[in-house]
Amino acid sequence: MKFNKKLENIDTYEAGKPIELVVREFGIEPKDIIKLASNENPYGCSINVQHAVTEIVPNMAMYPDDSMMKLKEGLSERFDVAEENLIIGSGSDQVIEFLMHAKADENSKILINSVTFAMYEIYAKHVGAEIIKTASQEHNLDEFYALYKEKNPDIIFLCTPNNPTGDAIDAAAIMEFLAKIDSDTLVVVDGAYMEYAQYKDQSKSVSPKELIEKFDNVIYLGTFSKAYGLGGMRVGYGISDARIIKELYKLRPPFNVTTLSLEAASTALKDEEFVNECIALNFEEMKRYEEFANKQKLDIIESYTNFVTLCFCDNIDSTQLSDELLRRGMIVRNLSGYGMNAIRVTVGTKEQNDRFFELVQELL
Ligand SMILES: *Cc1c(COP(=O)(O)O)cnc(C)c1O
């Protein structure tokens, strides 16, 4: 059977290995498996969310509220933007898919960082767009600008903090960069980990309101999958100029976010205390990763997220190390596919991190 030619060069996205697969492959009990591979919140979600969702379970026969009124009100209040500036997706992934289809086709160019979130490239391939990558591992906005001048891309992706490296761009530098970009180029600012960055360093804090007040060619992306602990619910959002949102809406399937997910996200937004506690614990625990890396003479990239990236020298192979960890029930993200001899580890609970340190020490 012949398929869409555009699919030929697409690799299936490899999400962090699901616990279910490790159970089957290695015969390890689910309770003995620790997954530090997908940057989920190790403390779960707010108890209020669990109560709210349980309460509406009987409503499942009805389609969701397609206006998403309650969640839109919550986001509108949180970010001080109008509801016409918001679109909600089944994860911010889906918003990336919408914006790619809205703006790009086989004649388009997409500019991304050399090492960044894999879905930008995958969605770009769906529409057959050409992908241009920087050379630097960290976002270098001078290099972005030079490539913008040279190649005239249709979409530029800035991922801050960046996945999978954890570094973040100064918010002021992003504003300066945007001021130099013509209004027909769409700039995406993916803030999937912004709640963490904001907590650690205000100078990395990008305000969606300020972005869209100053520029009509930018879209900010946020998600409930990371700090809010709702990875299983699939809720993300885009904040942009009303004209851009209107175009994205043409691509949105009806009822793209479930009733339970909408309820979970609206409730999660109201429990700021929970999120702040999780973020504080995250950075407490991250210190232990820095100490561990120092002690083991491993390179660690300064992180503004809920994960750390450990880089190895030639004497350690990241693929071998992550395989050995997997055999022992510890799932981390090998970054060899990004051309890095490194692993990305979600900062877990104290007990999970203890186990990680213990296993790695043993293996080194
Ligand atoms: C996790 C993540 C997302 C999207 O997550 P969803 O679960 O689809 O909302 C987007 N961008 C980056 C950089 C991420 O790490």
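We count ligands from 1, going down the list as the structure has it; atoms in each ligand are counted the same way.
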Exercise for review: Under the ring pair (Phe, Tyr, Trp, His ring centres under 6.0 Å) rule, what do Tyr237 and Phe79 come out as? Steps first, then yes or no, please.
Suggested key: CA-CA 12 Å; Tyr237 50 90; Phe79 292 108; 5.6 Å; yes
Check your understanding: Is the backbone of Ala135 close enough, under 3.5 Å, to the side chain of Glu143 for a donor and an acceptor to pair up by distance?
Key -> yes
**Study point:** Short side-chain donor-acceptor distance under 3.5 Å, Asn39 and Arg333
**Key:**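 Note: Arg333 and Asn39 side chains miss the donor-acceptor criterion.
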Review point. Does the side chain of Tyr148 pick up a donor-acceptor pair with the side chain of Asp182 at under 3.5 Å?
Key: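 Result is yes, a qualifying pair exists.
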Review point. Do NZ/NE/NH1/NH2 and the carboxylate oxygens of Glu8 and Lys5 come within less than 4.0 Å?
Key: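 Judged by the 4.0 Å cut-off on N to carboxylate O distance, Glu8 and Lys5 do form a salt bridge.
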Point to revise | First-shell residues of ligand 1 [heavy atom, distance under 4.0 Å] | key: Gly91, Ser92, Asp93, Phe117, Cys159, Asn163, Asp190, Ala192, Tyr193, Thr223, Ser225, Lys226, Arg234
Exercise for review: Please say which of Glu285, Glu284, Glu291 ends up in a salt bridge (charged side-chain N to carboxylate O under 4.0 Å, His left out) with Arg288.
Suggested key: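 Testing each of Glu285, Glu284, Glu291 against Arg288, the sole residue satisfying salt bridge (charged side-chain N to carboxylate O under 4.0 Å, His left out) is Glu285.
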